[in-house]
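See below for the structure under consideration.
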Amino acid sequence: MRPSTLRALQRAAELTRQNHFAEALPVAEPVILTADDQEGAEIRRWLIEHTADFTGEKGTN
């Protein structure tokens with residue numbers, strides 16, 4: 001995944017944890033929509049692995 005994509009996802013997670021979902025969406029959406037198939041798969045894996053980053057809950061991993 002490109003570093004800029006990872007930064008956008010991390011920023012969106014941070015905003016979501018702070019209850020700023022409306023601000024998080026326009027940060028993450030463009031990188032998700034412009035990802036090619038390979039990066040899209042990497043984004044999906046990252047989102048699954050980092051669900052707790054968005055909820056602020058501790059994961060079970």
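These numbers come from a predicted model, not from an experiment.
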Exercise. Are F21 and V27 connected, step by step, through hydrophobic side chains (Ile, Leu, Val, Met, Phe, Trp, Tyr) whose heavy atoms are closer than 4.5 Å?
Worked result: no
Exercise. Between atom OG1 of T51 and atom CH2 of W46, what is the distance when rounded to the nearest 0.5 Å?
Worked result: 9.0 Å
Side-chain donor/acceptor pairs under 3.5 Å, residues 28-38, sequence neighbours excluded:
{"unit_1": "T34", "atom_1": "OG1", "unit_2": "P30", "atom_2": "O", "d": "2.8"}
{"unit_1": "D36", "atom_1": "OD1", "unit_2": "Q38", "atom_2": "N", "d": "3.2"}
{"unit_1": "D36", "atom_1": "OD1", "unit_2": "E39", "atom_2": "N", "d": "2.7"}

Problem set entry | Qualifying side chain to side chain donor-acceptor pair (under 3.5 Å) pairs, either residue in residues 15-25, two or more places apart | none
Output a table of donor-acceptor pairs, distance under 3.5 Å, between side-chain atoms of residues 7-15 and any protein atom two or more places apart or on a different chain; print 'none' if there are none.
{"unit_1": "R11", "atom_1": "NH1", "unit_2": "E14", "atom_2": "OE2", "d": "3.0"}

Problem set entry | Contact check, side chains of L47 and F54, non-hydrogen atoms, under 4.5 Å | yes
